[in-house]
Structure formats: structure tokens, C-alpha cells
Amino acid sequence: MNRPILSSLSLAAFLACLSLPAAQAQVTSNLDDLPQGKSAPTAKKTAAAPHTAHTSAAHSNTKPVSQKPAATSTPAPAATPVKSAPAHETVPGVPAAPPPPVVLPPPFVPVQLHPPVPPADVTAVADAASHTESLPDGGLRVLFASGSDALNADSLKALQAYGTELSHHPEERVVLIAHATLPGDDVSMPRRIALARALAVRSIFIHAGVATTRLYPRALGRPDAGDSAPADRLDVVIETNPVDPPSPSANGLPK
């Protein structure tokens with residue numbers, strides 16, 4: 001009689017062992033206990049609610065499955081601002097005429113103006129051994145006595161007439177090339193005598209009406225060794241003022 005009871009107990013224990021894994025399988029298949037990475041559809045949650053309540057009530061002693069934290073979503077990159085097209089600037093109009101020149105006021109203190117130094121008066125020396133002769137290309141040569149810059153009356157009149165003729169040709173410039181010589185090998189004194197001769201002729205031309213900006217005295221002193229012309233002389237050389245080349249226009253062509 002005890003054998004059938006033991007057999008029934010053994011069968012009940014065996015069936016209990018078989019029902020426990022099934023209950024655990026039902027718990028682990030519940031969608032509510034899964035990680036919340038993605039939300040399940042609402043319809044599925046509603047359909048599974050009675051089964052979950054039944055399972056939790058039937059197996060309240062079962063350990064719940066640990067839930068994993070929800071994965072953090074990566075923030076979307078910020079949108080790059082779109083650059084707007086540059087606004088068109090208004091170009092100011094070109095004035096019809098240039099602005100008037102700026103007139104500077106006079107200084108508040110009086111400024112002393114110095115007039116140009118007038119040329120020295122050249123007088124004739126009666127016994128001076130000087131004379132003039134013409135040169136090619138319209139020039140004039142004045143011969144002096146050695147170591148002197150004196151001019152006689154005839155030389156002075158010839159230079160005055162020549163200066164009056166030069167005043168009518170402002171496009172020409174006048175170069176006064178003076179030489180002088182002395183015994184010995186001194187270099188400074190012949191140059192000083194040559195300068196005195198050039199300044200004397202320059203003064204005569206200025207009194208005759210020739211502008212000072214057209215006169216270029218050159219005191220060379222002793223002539224070169226191969227110079228065959230008279231040593232004590234002054235040559236009046238006429239040159240034409242240089243003409244500036246025409247400036248190109250905006251397109252590179254001459255005007």
C-alpha cells in the first residue's frame with residue numbers, strides 16, 4: 001500500500017521539475033522584461049499584458065531579469081549656416097569737375113624775401129688785350145690776356161650785342177666754357193681766373209636780357225695737353241634745350 005503512494009509522490013516531483021523551466025521560459029519571453037533599446041509596438045504590449053500578470057502571479061518567487069540601461073543616442077551634428085550672397089554696393093557717381101584746389105593761408109609771421117643778387121657791372125678796360133671771334137654753329141670766342149679777366153671796349157660791345165640776340169631765343173641755353181693758364185703747375189689759380197672770366201661774360205648777358213636759368217658757366221682751368229686752341233679763352237656754346245619725350249596715353253600709344 002505504501003508503494004503506490006511513493007510512486008505518486010515521485011511522479012508529482014518529476015512533474016514539478018518539468019513545469020519550473022517552462023515557467024522560467026515564459027518569464028524570459030516577456031517583452032516588458034527585455035532591454036528598452038527599442039520600444040515595442042503598443043498592440044503587442046496590450047496583448048501581452050494578461051499573460052504577464054498571470055505569469056507574475058503564478059511564479060512570484062522567480063527572480064526578475066535585470067534590466068540594462070537604455071542606450072544613449074548620439075546628438076545630431078549642428079546644421080552649417082548657409083552664407084547669403086554679398087549685397088551689391090552702390091558706386092558713387094563721378095563728379096563733373098575736380099574739387100577746387102586747397103589754398104593755404106599765408107603765414108602768420110612776415111617772411112623776409114630776399115631778391116636775387118643783381119649781376120655785377122662790367123666796365124671796359126682801355127689797355128686790355130682782349131678780342132672776340134665767331135665760332136661755328138653760332139658760337140662766340142673771347143680771348144684774354146694771360147692771367148687777366150679784363151675786357152676792352154670793343155669786346156664789351158660785341159658781347160652786349162651778342163647777348164641781346166640771345167634774349168630773342170629763349171629755347172636755347174648758353175654754356176660758358178672758360179680756360180686759363182699760368183706758368184708753373186698750379187691748378188687752383190688757373191681755375192679761379194677761368195671762373196672770373198665766365199662770371200664777367202655771364203653778367204654782360206644778364207644785363208642784355210638773357211635769363212639766368214639759361215646760362216651755365218663752366219670754369220675748367222688749364223686746358224688738356226692735346227688741346228690746340230688758345231689757352232686763355234672763353235667759348236660761348238649754344239645748345240638747344242632737351243625736349244621731353246611724349247608721354248604715352250592710357251592705351252600705351254604716344255599722344
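Sequential numbering from 1 along the given sequence is applied to the chain's residues. Being a predicted model, the structure only gives us computed values, none of them experimental.
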Examine Leu140 and Ile238 and state if one hydrophobic cluster contains both, with Ile, Leu, Val, Met, Phe, Trp and Tyr joined whenever side-chain heavy atoms are less than 4.5 Å apart. yes
Is Val237 reachable from Leu220 through a run of I, L, V, M, F, W or Y residues, each pair having side-chain heavy atoms under 4.5 Å apart? yes
Only pairs at least two apart or in different chains count here, so list each salt bridge (charged side-chain N to carboxylate O under 4.0 Å, His left out) that has a residue in residues 193-222. Arg197-Asp232
With a 4.5 Å heavy-atom cut-off, do [X] and [Y] have their side chains touching?
X      : Y      : result
Thr164 : Tyr162 : no
Ile177 : Val236 : no
His207 : Asp121 : yes
Val210 : Leu215 : yes

For [X], check side chain to side chain donor-acceptor pair (under 3.5 Å) against everything at least two apart and list the hits.
X      : value
Glu165 : His169
Asp186 : none
Asn152 : Ser130, Ser155
Asp224 : none

Tell me every residue that passes side chain to side chain contact (heavy atoms under 4.5 Å, CB included) with [X], counting only those two or more places apart in sequence or in another chain.
X      : answer
Ala231 : Thr181, Pro223
Ile204 : Val122, Leu151, Leu156, Leu159, Gln160
Thr123 : none

Any side-chain hydrogen bond (donor to acceptor under 3.5 Å, both in side chains) involving residues 139-150? Give me the pairs, sequence neighbours left out, ordered by first then second residue. Arg141-Asp235
Quick one: CG on Leu176 to OH on Tyr216, what's the gap to the nearest 0.5 Å? 11.5 Å
Step by step, would you call Arg233 with Val142 a side-chain contact (heavy atoms from CB on, under 4.5 Å)? CA-CA 6 Å; Arg233 72 182 188 272; Val142 184; over 6 Å; no
Clusters formed by hydrophobic residues whose side-chain heavy atoms approach within less than 4.5 Å: which one holds Leu195, and what are its other members? Leu199
The remaining residues in the hydrophobic cluster of Met189, counting side-chain heavy-atom contacts under 4.5 Å among Ile, Leu, Val, Met, Phe, Trp and Tyr, are Leu182, Ile193
All heavy atoms of Gly163 vs all of Ala208, minimum pair found to be C-CB, 3.6 Å
Grab the two heavy atoms, one from Ala178 and one from Ala194, that are nearest each other, plus how far apart they are. CB-O, 3.2 Å
Salt bridge (charged side-chain N to carboxylate O under 4.0 Å, His left out) involving Glu172 - partner list, sequence neighbours excluded: none
